[in-house]
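Quick note: numbers below take in every heavy atom, side chains included, and nothing from hydrogens, waters or symmetry partners. Chain A is the first sequence line, chain B the second, and so forth, proteins listed ahead of strands; every chain is numbered from 1.
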Amino acid sequence: MDTTVANTSAENKRWGGGTEPLKASYGKMMMWFFLASDSLTFSGFLAAYGFSRFKFADSWPIADDVFTHVPFIHGNYPMIFVAFMTFILIMSSVTMVLAVDAGHHMNKAKVSLYMFLTVLGGFVFLSSQAWEWSTFIKGDYGAVGTHGGNILHFVDAGGNRVALKDFAIGEPSERTQHMNKNGLWFTSEKALTSFTYDEVVAGFKANPNILIRTTYTGEDGHKTILSRSESIKELDTKGKNVVEGANLIQNEYGAPLFANYFFFITGFHGFHVSIGVLLNIIIFFNVLGGTYERRGSYEMVEKVGLYWHFVDLVWVFVFTFFYLV
Amino acid sequence: MAADAHKLAIFRGTLKFKSNKQKIWGVLIFLSIVTAIEVILGIYKPEVLMGQVLGMKALNWIFIILTIVKAYYITWDFMHMRDELPSLRRMVVWTAVFLIAYLVFILLQEGGYIEHVFATGFVKTDF
(Lines give C-alpha, C1' and ligand atoms only; values in the text may rest on other atoms or scores of the structure.)
Protein backbone atom coordinates (compact mmCIF):
# COMPACT_ATOMS: atom_id res chain seq x y z
CA MET A 1 0.00 0.00 0.00
CA ASP A 2 1.27 3.38 -0.90
CA THR A 3 1.47 5.32 2.35
CA THR A 4 2.86 8.65 1.24
CA VAL A 5 0.54 11.44 2.22
CA ALA A 6 1.21 13.34 -0.97
CA ASN A 7 -0.94 10.93 -2.96
CA THR A 8 -4.02 11.65 -0.89
CA SER A 9 -4.01 15.33 -1.69
CA ALA A 10 -6.29 16.75 -4.32
CA GLU A 11 -3.26 17.90 -6.33
CA ASN A 12 -2.64 14.56 -7.97
CA LYS A 13 -6.22 13.69 -8.65
CA ARG A 14 -6.97 17.08 -10.15
CA TRP A 15 -10.68 16.59 -9.80
CA GLY A 16 -10.15 13.29 -11.64
CA GLY A 17 -9.64 14.93 -15.02
CA GLY A 18 -6.13 16.35 -14.88
CA THR A 19 -7.12 19.99 -14.60
CA GLU A 20 -8.53 22.22 -11.90
CA PRO A 21 -11.66 24.11 -12.88
CA LEU A 22 -11.29 27.83 -12.08
CA LYS A 23 -7.71 27.13 -11.00
CA ALA A 24 -8.94 26.35 -7.52
CA SER A 25 -8.58 23.03 -5.79
CA TYR A 26 -11.74 21.12 -5.02
CA GLY A 27 -11.45 21.76 -1.27
CA LYS A 28 -10.90 25.47 -1.62
CA MET A 29 -13.76 25.96 -4.03
CA MET A 30 -16.13 24.01 -1.82
CA MET A 31 -15.03 26.10 1.14
CA TRP A 32 -15.93 29.21 -0.85
CA PHE A 33 -19.35 27.77 -1.70
CA PHE A 34 -19.94 26.77 1.91
CA LEU A 35 -19.04 30.28 3.03
CA ALA A 36 -21.39 31.80 0.46
CA SER A 37 -24.25 29.69 1.84
CA ASP A 38 -23.26 30.40 5.43
CA SER A 39 -23.28 34.11 4.70
CA LEU A 40 -26.91 33.65 3.62
CA THR A 41 -27.71 32.06 6.99
CA PHE A 42 -26.19 34.97 8.84
CA SER A 43 -27.80 37.55 6.62
CA GLY A 44 -31.11 35.77 7.26
CA PHE A 45 -30.64 36.40 10.98
CA LEU A 46 -29.46 39.96 10.55
CA ALA A 47 -32.24 40.79 8.11
CA ALA A 48 -34.77 39.35 10.58
CA TYR A 49 -33.20 41.59 13.20
CA GLY A 50 -33.65 44.55 10.86
CA PHE A 51 -37.26 43.52 10.27
CA SER A 52 -38.07 43.59 14.00
CA ARG A 53 -36.20 46.80 14.41
CA PHE A 54 -38.15 48.53 11.67
CA LYS A 55 -41.35 47.05 13.05
CA PHE A 56 -40.69 48.39 16.57
CA ALA A 57 -38.77 51.45 15.38
CA ASP A 58 -39.88 53.73 18.23
CA SER A 59 -39.47 51.26 21.11
CA TRP A 60 -36.26 49.43 20.22
CA PRO A 61 -33.50 49.73 22.89
CA ILE A 62 -30.56 52.01 22.06
CA ALA A 63 -27.38 49.92 22.02
CA ASP A 64 -25.35 52.65 23.72
CA ASP A 65 -27.66 52.39 26.75
CA VAL A 66 -27.28 48.62 26.90
CA PHE A 67 -23.65 47.71 26.28
CA THR A 68 -21.87 50.18 28.50
CA HIS A 69 -19.49 48.00 30.49
CA VAL A 70 -15.77 47.38 30.38
CA PRO A 71 -14.24 44.63 32.56
CA PHE A 72 -12.48 45.81 35.75
CA ILE A 73 -13.60 49.40 35.20
CA HIS A 74 -16.72 51.02 36.63
CA GLY A 75 -18.64 53.63 34.78
CA ASN A 76 -20.41 54.22 31.53
CA TYR A 77 -18.25 53.41 28.50
CA PRO A 78 -20.36 52.45 25.51
CA MET A 79 -18.59 50.86 22.51
CA ILE A 80 -15.13 50.56 24.03
CA PHE A 81 -15.26 46.88 24.93
CA VAL A 82 -16.91 45.76 21.71
CA ALA A 83 -14.37 47.79 19.73
CA PHE A 84 -11.68 45.87 21.59
CA MET A 85 -13.37 42.57 20.64
CA THR A 86 -13.50 43.66 17.00
CA PHE A 87 -9.84 44.54 17.06
CA ILE A 88 -8.92 41.16 18.61
CA LEU A 89 -10.78 39.35 15.85
CA ILE A 90 -9.18 41.44 13.09
CA MET A 91 -5.76 40.85 14.68
CA SER A 92 -6.30 37.09 14.75
CA SER A 93 -7.38 37.33 11.13
CA VAL A 94 -4.05 38.99 10.38
CA THR A 95 -2.03 36.29 12.15
CA MET A 96 -4.04 33.72 10.19
CA VAL A 97 -3.23 35.31 6.84
CA LEU A 98 0.43 35.55 7.91
CA ALA A 99 0.30 31.80 8.63
CA VAL A 100 -1.09 31.21 5.13
CA ASP A 101 1.69 33.37 3.71
CA ALA A 102 4.35 31.48 5.66
CA GLY A 103 2.77 28.28 4.37
CA HIS A 104 3.36 29.42 0.80
CA HIS A 105 7.03 29.72 1.68
CA MET A 106 6.96 26.28 3.33
CA ASN A 107 8.19 27.83 6.56
CA LYS A 108 7.00 25.39 9.22
CA ALA A 109 8.26 27.34 12.27
CA LYS A 110 6.45 30.51 11.24
CA VAL A 111 3.24 28.72 10.32
CA SER A 112 3.14 27.12 13.79
CA LEU A 113 3.84 30.42 15.52
CA TYR A 114 1.13 32.29 13.63
CA MET A 115 -1.38 29.44 14.03
CA PHE A 116 -0.71 29.51 17.77
CA LEU A 117 -1.33 33.27 17.91
CA THR A 118 -4.52 32.82 15.90
CA VAL A 119 -5.83 30.22 18.36
CA LEU A 120 -4.91 32.54 21.22
CA GLY A 121 -6.83 35.42 19.61
CA GLY A 122 -9.82 33.11 19.20
CA PHE A 123 -9.78 32.26 22.90
CA VAL A 124 -9.49 35.91 23.92
CA PHE A 125 -12.47 36.74 21.72
CA LEU A 126 -14.54 33.86 23.11
CA SER A 127 -13.83 34.80 26.72
CA SER A 128 -14.71 38.43 25.95
CA GLN A 129 -17.98 37.27 24.52
CA ALA A 130 -18.67 35.07 27.55
CA TRP A 131 -18.10 38.11 29.75
CA GLU A 132 -20.37 40.22 27.56
CA TRP A 133 -23.12 37.62 27.81
CA SER A 134 -22.86 37.23 31.57
CA THR A 135 -22.99 41.01 32.07
CA PHE A 136 -26.00 41.23 29.80
CA ILE A 137 -27.82 38.35 31.55
CA LYS A 138 -27.09 39.63 35.04
CA GLY A 139 -28.44 43.07 34.21
CA ASP A 140 -27.51 46.34 35.74
CA TYR A 141 -30.05 48.76 37.17
CA GLY A 142 -33.25 46.74 37.10
CA ALA A 143 -36.55 48.00 35.69
CA VAL A 144 -40.31 47.69 35.94
CA GLY A 145 -42.36 45.87 33.33
CA THR A 146 -45.82 47.06 32.29
CA HIS A 147 -48.98 45.07 31.53
CA GLY A 148 -48.35 45.70 27.84
CA GLY A 149 -44.85 44.24 28.08
CA ASN A 150 -42.97 47.54 27.91
CA ILE A 151 -40.09 48.40 30.23
CA LEU A 152 -39.90 51.46 32.48
CA HIS A 153 -36.47 52.68 33.58
CA PHE A 154 -35.77 54.91 36.56
CA VAL A 155 -33.62 58.02 36.21
CA ASP A 156 -32.68 60.94 38.43
CA ALA A 157 -33.23 64.60 37.59
CA GLY A 158 -30.05 64.66 35.48
CA GLY A 159 -31.24 61.76 33.34
CA ASN A 160 -28.79 59.26 34.83
CA ARG A 161 -30.03 55.74 35.53
CA VAL A 162 -30.90 54.84 39.13
CA ALA A 163 -30.67 51.24 40.28
CA LEU A 164 -33.65 49.64 42.01
CA LYS A 165 -31.52 48.83 45.04
CA ASP A 166 -30.76 52.53 45.55
CA PHE A 167 -34.34 53.55 46.21
CA ALA A 168 -36.56 50.51 46.77
CA ILE A 169 -37.73 50.23 50.38
CA GLY A 170 -37.09 46.73 51.60
CA GLU A 171 -39.71 45.21 53.84
CA PRO A 172 -39.20 42.08 55.92
CA SER A 173 -40.77 39.27 53.95
CA GLU A 174 -41.28 35.58 54.54
CA ARG A 175 -41.64 34.93 50.82
CA THR A 176 -39.22 32.29 49.55
CA GLN A 177 -38.83 30.85 46.09
CA HIS A 178 -40.93 27.74 45.64
CA MET A 179 -38.80 24.90 44.32
CA ASN A 180 -40.00 21.54 43.16
CA LYS A 181 -38.04 19.77 45.90
CA ASN A 182 -40.23 21.43 48.55
CA GLY A 183 -43.64 20.45 47.32
CA LEU A 184 -45.22 18.81 44.36
CA TRP A 185 -42.30 17.74 42.22
CA PHE A 186 -43.83 19.11 39.04
CA THR A 187 -44.37 22.67 40.22
CA SER A 188 -41.76 25.33 40.73
CA GLU A 189 -41.40 29.04 40.03
CA LYS A 190 -38.87 31.39 38.55
CA ALA A 191 -36.19 32.99 40.72
CA LEU A 192 -37.60 35.83 42.82
CA THR A 193 -36.41 39.32 42.06
CA SER A 194 -34.35 41.02 44.76
CA PHE A 195 -37.21 43.46 45.47
CA THR A 196 -40.93 42.92 45.18
CA TYR A 197 -42.95 45.22 42.97
CA ASP A 198 -44.58 46.84 46.03
CA GLU A 199 -41.19 47.68 47.52
CA VAL A 200 -40.12 49.40 44.31
CA VAL A 201 -43.36 51.40 44.14
CA ALA A 202 -43.05 52.43 47.80
CA GLY A 203 -39.45 53.53 47.19
CA PHE A 204 -40.45 55.45 44.09
CA LYS A 205 -43.22 57.32 45.93
CA ALA A 206 -40.82 58.19 48.77
CA ASN A 207 -38.13 59.67 46.47
CA PRO A 208 -39.56 62.76 44.76
CA ASN A 209 -36.60 63.26 42.44
CA ILE A 210 -36.84 59.93 40.64
CA LEU A 211 -38.45 59.99 37.19
CA ILE A 212 -39.48 57.33 34.72
CA ARG A 213 -37.90 56.86 31.33
CA THR A 214 -40.24 55.12 28.91
CA THR A 215 -39.57 52.55 26.20
CA TYR A 216 -40.28 55.11 23.49
CA THR A 217 -37.71 57.13 21.60
CA GLY A 218 -38.41 60.83 21.23
CA GLU A 219 -37.55 63.19 18.38
CA ASP A 220 -34.04 63.77 19.75
CA GLY A 221 -33.06 60.10 19.48
CA HIS A 222 -33.19 59.51 23.24
CA LYS A 223 -35.79 57.68 25.27
CA THR A 224 -38.54 59.97 26.58
CA ILE A 225 -38.30 60.98 30.25
CA LEU A 226 -41.62 61.76 31.94
CA SER A 227 -42.28 64.50 34.47
CA ARG A 228 -42.77 63.50 38.10
CA SER A 229 -46.58 63.60 37.97
CA GLU A 230 -46.66 61.70 34.68
CA SER A 231 -44.19 59.20 36.15
CA ILE A 232 -46.44 58.46 39.12
CA LYS A 233 -49.43 58.05 36.82
CA GLU A 234 -47.42 55.79 34.47
CA LEU A 235 -46.36 53.52 37.32
CA ASP A 236 -49.82 53.41 38.90
CA THR A 237 -51.72 52.65 35.71
CA LYS A 238 -49.27 50.47 33.79
CA GLY A 239 -46.68 48.98 36.15
CA LYS A 240 -46.87 45.26 36.77
CA ASN A 241 -43.66 43.52 37.84
CA VAL A 242 -39.96 43.92 38.56
CA VAL A 243 -37.56 42.89 35.79
CA GLU A 244 -33.90 42.23 36.55
CA GLY A 245 -31.44 41.11 33.94
CA ALA A 246 -32.20 39.58 30.56
CA ASN A 247 -33.33 36.19 29.38
CA LEU A 248 -35.44 34.85 26.55
CA ILE A 249 -38.70 35.88 28.23
CA GLN A 250 -38.00 39.30 29.67
CA ASN A 251 -35.29 41.87 29.40
CA GLU A 252 -34.66 44.88 31.60
CA TYR A 253 -33.13 46.86 28.72
CA GLY A 254 -36.28 46.93 26.61
CA ALA A 255 -38.09 44.62 24.19
CA PRO A 256 -37.56 40.90 24.95
CA LEU A 257 -36.99 40.44 21.20
CA PHE A 258 -33.81 42.47 21.53
CA ALA A 259 -32.40 39.95 24.00
CA ASN A 260 -33.59 37.04 21.86
CA TYR A 261 -31.78 38.37 18.79
CA PHE A 262 -28.72 39.21 20.84
CA PHE A 263 -28.47 35.68 22.22
CA PHE A 264 -29.27 34.08 18.89
CA ILE A 265 -27.04 36.08 16.56
CA THR A 266 -23.99 36.57 18.79
CA GLY A 267 -24.48 33.00 20.03
CA PHE A 268 -24.50 31.61 16.51
CA HIS A 269 -21.47 33.68 15.67
CA GLY A 270 -19.73 32.54 18.88
CA PHE A 271 -20.52 28.96 17.90
CA HIS A 272 -18.79 29.57 14.57
CA VAL A 273 -15.79 31.03 16.39
CA SER A 274 -15.62 27.97 18.66
CA ILE A 275 -15.67 25.66 15.64
CA GLY A 276 -13.00 27.84 14.03
CA VAL A 277 -10.80 27.63 17.13
CA LEU A 278 -11.24 23.84 17.15
CA LEU A 279 -10.26 23.57 13.46
CA ASN A 280 -7.30 25.90 14.04
CA ILE A 281 -6.09 23.72 16.91
CA ILE A 282 -6.31 20.60 14.76
CA ILE A 283 -4.38 22.33 11.97
CA PHE A 284 -1.87 23.67 14.48
CA PHE A 285 -1.06 20.17 15.70
CA ASN A 286 -0.93 18.87 12.14
CA VAL A 287 1.59 21.58 11.33
CA LEU A 288 3.66 20.67 14.39
CA GLY A 289 3.49 17.01 13.39
CA GLY A 290 4.76 17.89 9.91
CA THR A 291 1.72 16.58 8.03
CA TYR A 292 1.74 19.44 5.51
CA GLU A 293 5.52 19.40 5.25
CA ARG A 294 5.26 15.81 4.02
CA ARG A 295 2.28 16.57 1.83
CA GLY A 296 4.29 19.29 0.16
CA SER A 297 1.54 21.88 0.46
CA TYR A 298 0.12 24.02 3.24
CA GLU A 299 -3.18 24.47 1.43
CA MET A 300 -5.12 23.08 4.39
CA VAL A 301 -4.01 26.13 6.40
CA GLU A 302 -5.39 28.29 3.63
CA LYS A 303 -8.77 26.53 3.59
CA VAL A 304 -9.24 26.77 7.35
CA GLY A 305 -7.96 30.33 7.06
CA LEU A 306 -10.84 31.13 4.69
CA TYR A 307 -13.29 29.96 7.34
CA TRP A 308 -11.54 31.98 10.04
CA HIS A 309 -11.61 35.16 7.95
CA PHE A 310 -15.28 34.57 7.28
CA VAL A 311 -15.94 34.52 11.04
CA ASP A 312 -14.20 37.89 11.23
CA LEU A 313 -16.24 39.15 8.27
CA VAL A 314 -19.51 38.20 9.96
CA TRP A 315 -18.43 39.92 13.16
CA VAL A 316 -17.85 43.14 11.23
CA PHE A 317 -21.53 43.08 10.27
CA VAL A 318 -22.77 42.00 13.70
CA PHE A 319 -20.73 44.85 15.18
CA THR A 320 -22.34 47.39 12.88
CA PHE A 321 -25.93 46.25 13.15
CA PHE A 322 -25.97 45.41 16.86
CA TYR A 323 -23.76 48.09 18.34
CA LEU A 324 -23.45 50.98 15.92
CA VAL A 325 -26.58 51.54 13.86
CA MET B 1 0.00 29.13 -5.70
CA ALA B 2 3.42 30.69 -5.82
CA ALA B 3 4.09 33.49 -3.39
CA ASP B 4 4.71 35.99 -6.17
CA ALA B 5 1.31 35.34 -7.73
CA HIS B 6 -0.40 37.74 -5.34
CA LYS B 7 -1.73 41.00 -6.66
CA LEU B 8 -0.04 43.55 -4.45
CA ALA B 9 -1.87 46.77 -5.24
CA ILE B 10 -4.90 48.11 -3.38
CA PHE B 11 -7.10 51.21 -3.83
CA ARG B 12 -7.31 50.54 -7.59
CA GLY B 13 -3.55 50.48 -7.93
CA THR B 14 -2.75 53.74 -6.14
CA LEU B 15 -1.06 51.91 -3.26
CA LYS B 16 1.39 49.17 -4.19
CA PHE B 17 3.12 46.91 -1.70
CA LYS B 18 6.47 45.19 -2.13
CA SER B 19 5.47 41.85 -0.65
CA ASN B 20 2.35 39.98 0.37
CA LYS B 21 3.32 40.32 4.01
CA GLN B 22 3.65 44.07 3.70
CA LYS B 23 0.23 44.21 2.07
CA ILE B 24 -1.30 42.31 5.02
CA TRP B 25 0.00 44.89 7.49
CA GLY B 26 -1.09 47.72 5.20
CA VAL B 27 -4.63 46.34 5.06
CA LEU B 28 -4.62 45.86 8.84
CA ILE B 29 -3.75 49.52 9.33
CA PHE B 30 -6.49 50.53 6.92
CA LEU B 31 -9.09 48.33 8.67
CA SER B 32 -8.04 49.65 12.09
CA ILE B 33 -8.45 53.24 10.91
CA VAL B 34 -11.93 52.49 9.55
CA THR B 35 -12.93 50.75 12.82
CA ALA B 36 -11.57 53.68 14.83
CA ILE B 37 -13.64 56.10 12.76
CA GLU B 38 -16.73 53.98 13.35
CA VAL B 39 -16.14 53.82 17.11
CA ILE B 40 -15.49 57.55 17.41
CA LEU B 41 -18.60 58.40 15.38
CA GLY B 42 -20.55 55.86 17.46
CA ILE B 43 -19.49 57.44 20.74
CA TYR B 44 -19.87 61.11 19.81
CA LYS B 45 -22.75 60.82 17.31
CA PRO B 46 -22.20 64.26 15.68
CA GLU B 47 -25.42 66.26 15.43
CA VAL B 48 -24.68 67.13 11.78
CA LEU B 49 -25.06 63.50 10.73
CA MET B 50 -28.43 62.97 12.41
CA GLY B 51 -30.46 64.19 9.42
CA GLN B 52 -32.59 61.72 7.50
CA VAL B 53 -31.19 60.48 4.19
CA LEU B 54 -33.21 57.95 2.20
CA GLY B 55 -35.26 56.84 5.21
CA MET B 56 -32.33 56.42 7.60
CA LYS B 57 -30.02 58.67 9.59
CA ALA B 58 -27.00 59.84 7.59
CA LEU B 59 -24.78 58.42 10.34
CA ASN B 60 -26.27 54.94 9.86
CA TRP B 61 -25.55 55.11 6.13
CA ILE B 62 -21.95 56.00 6.92
CA PHE B 63 -21.69 53.00 9.26
CA ILE B 64 -23.13 50.65 6.65
CA ILE B 65 -20.88 51.94 3.88
CA LEU B 66 -17.78 51.68 6.09
CA THR B 67 -18.81 48.12 7.01
CA ILE B 68 -19.07 47.13 3.38
CA VAL B 69 -15.67 48.72 2.73
CA LYS B 70 -14.20 46.63 5.57
CA ALA B 71 -15.91 43.49 4.28
CA TYR B 72 -14.44 44.16 0.82
CA TYR B 73 -10.87 44.36 2.09
CA ILE B 74 -11.24 41.33 4.37
CA THR B 75 -12.56 39.26 1.48
CA TRP B 76 -10.27 40.61 -1.23
CA ASP B 77 -6.99 40.71 0.68
CA PHE B 78 -7.22 38.44 3.72
CA MET B 79 -9.18 35.76 1.91
CA HIS B 80 -7.22 36.40 -1.31
CA MET B 81 -10.31 36.83 -3.45
CA ARG B 82 -8.23 39.33 -5.45
CA ASP B 83 -6.05 36.46 -6.64
CA GLU B 84 -8.87 34.13 -7.71
CA LEU B 85 -10.18 33.92 -11.26
CA PRO B 86 -12.94 36.46 -12.03
CA SER B 87 -15.37 33.62 -12.71
CA LEU B 88 -14.92 32.07 -9.23
CA ARG B 89 -15.13 35.50 -7.66
CA ARG B 90 -18.38 36.36 -9.43
CA MET B 91 -19.90 32.98 -8.63
CA VAL B 92 -19.40 33.50 -4.91
CA VAL B 93 -19.80 37.26 -4.53
CA TRP B 94 -22.57 38.11 -6.97
CA THR B 95 -24.79 35.23 -5.80
CA ALA B 96 -24.46 36.18 -2.15
CA VAL B 97 -24.79 39.91 -2.76
CA PHE B 98 -27.89 39.52 -4.92
CA LEU B 99 -29.69 37.16 -2.53
CA ILE B 100 -28.79 39.20 0.56
CA ALA B 101 -29.87 42.48 -1.03
CA TYR B 102 -33.17 40.89 -2.07
CA LEU B 103 -33.83 39.45 1.40
CA VAL B 104 -32.93 42.66 3.18
CA PHE B 105 -35.14 44.73 0.89
CA ILE B 106 -38.17 42.44 1.38
CA LEU B 107 -37.84 42.20 5.16
CA LEU B 108 -37.14 45.86 5.81
CA GLN B 109 -39.99 46.93 3.53
CA GLU B 110 -42.36 44.62 5.39
CA GLY B 111 -41.06 45.73 8.80
CA GLY B 112 -41.61 49.37 7.92
CA TYR B 113 -45.13 48.59 6.73
CA ILE B 114 -46.05 46.76 9.95
CA GLU B 115 -44.65 49.65 11.96
CA HIS B 116 -46.97 51.95 10.01
CA VAL B 117 -49.93 49.69 10.77
CA PHE B 118 -49.06 49.66 14.46
CA ALA B 119 -48.73 53.43 14.52
CA THR B 120 -51.96 54.22 12.69
CA GLY B 121 -54.10 51.13 12.96
CA PHE B 122 -55.63 51.27 16.44
CA VAL B 123 -53.27 48.67 17.89
CA LYS B 124 -52.57 49.38 21.55
CA THR B 125 -49.26 48.16 22.93
CA ASP B 126 -48.67 50.68 25.71
CA PHE B 127 -50.87 49.77 28.67
request  = Assign the ring pair A:Phe125 / A:Trp315 to parallel, tilted or perpendicular, where the plane angle (0 to 90°) is split at 30° and 60°.
outcome  = perpendicular

request  = Run the ring-centre check on B:Trp94 versus B:Phe98 and record whether the distance is less than 6.0 Å.
outcome  = no

remark   = So, the part of A:Phe317 with a heavy atom under 4.5 Å from chain B: the answer is both

query = For the residue pair A:Ser93 and B:Phe78, what are the closest heavy atoms and their distance?
reply = OG-CD1, 3.9 Å

key: Residue part contacting chain A, namely of B:Trp61, when any heavy atom lies under 4.5 Å   = neither

note = Highest number of heavy-atom pairs under 4.5 Å with chain A among B:Ile43, B:Ile62, B:Ile106, B:Val104 belongs to B:Ile43

request  = Please flag which part of A:Tyr77 lies under 4.5 Å from any non-hydrogen atom of chain B: side chain, backbone, both or neither.
outcome  = neither

task = Using distance alone, with no hydrogens and no angle criterion, decide if B:His6 and A:Asp101 have a side-chain donor and acceptor under 3.5 Å apart.
result = no

ask   = Side chain, backbone, both or neither: which part of A:Ile80 has an atom under 4.5 Å from a heavy atom of chain B?
value = side chain

request  = Working to the nearest 0.5 Å, report the span between OG of B:Ser87 and NZ of A:Lys23.
outcome  = 9.5 Å

note = When the 4.5 angstrom heavy-atom criterion is applied to B:Phe118 and chain A, the contacting part is side chain

note = When the 4.5 angstrom heavy-atom criterion is applied to A:Thr86 and chain B, the contacting part is side chain

message = Only pairs of heavy atoms separated by less than 4.5 Å count here; which of A:Val314, A:Leu306, A:Thr146 has the most with chain B?
response = A:Leu306

query = Where on B:Met91 is there a heavy atom nearer than 4.5 Å to chain A: the side chain, the backbone, both, or neither?
reply = side chain

inquiry  = At a heavy-atom distance under 4.5 Å, which candidate from B:Leu85, B:Thr67, B:Thr95 has the highest pair count against chain A?
reply    = B:Thr67

query = Is it the side chain or the backbone of B:Thr125 that comes within 4.5 Å of chain A heavy atoms, both, or neither?
reply = both

request  = Name the region of B:Ile74, side chain, backbone, both or neither, that has any atom closer than 4.5 Å to a heavy atom of chain A.
outcome  = side chain

query = Using 30° and 60° as the class limits, which term best fits the ring planes of B:Phe30 and B:Phe11: parallel, tilted or perpendicular?
reply = perpendicular

note = Bottom line for B:Lys124: the part with an atom under 4.5 Å from chain A's heavy atoms is neither

request  = With a 4.5 angstrom heavy-atom cut-off, could you sort out which part of A:Tyr323 is near chain B: side chain, backbone, both or neither?
outcome  = neither

remark   = Bottom line for B:Thr35: the part with an atom under 4.5 Å from chain A's heavy atoms is side chain

key: Side chain proximity check, B:Met79 to A:Asp312, heavy atoms < 4.5 angstrom   = no

task = Examine whether an atom of A:Val82 lies under 4.5 Å from a heavy atom of chain B, and if so say whether it belongs to the side chain, the backbone or both; otherwise answer neither.
result = neither

query = Charged N to carboxylate O below 4.0 Å: is that the case for B:Lys70 and B:Glu38?
reply = yes

query = Do B:Ile114 and A:Phe51 come close enough that some side-chain heavy atom pair is under 4.5 Å?
reply = yes

remark   = Partner of A:Tyr49 under ring-ring contact (aromatic ring centres under 6.0 Å, His included), picked from A:Phe321, A:Phe42, A:Phe322, is A:Phe322

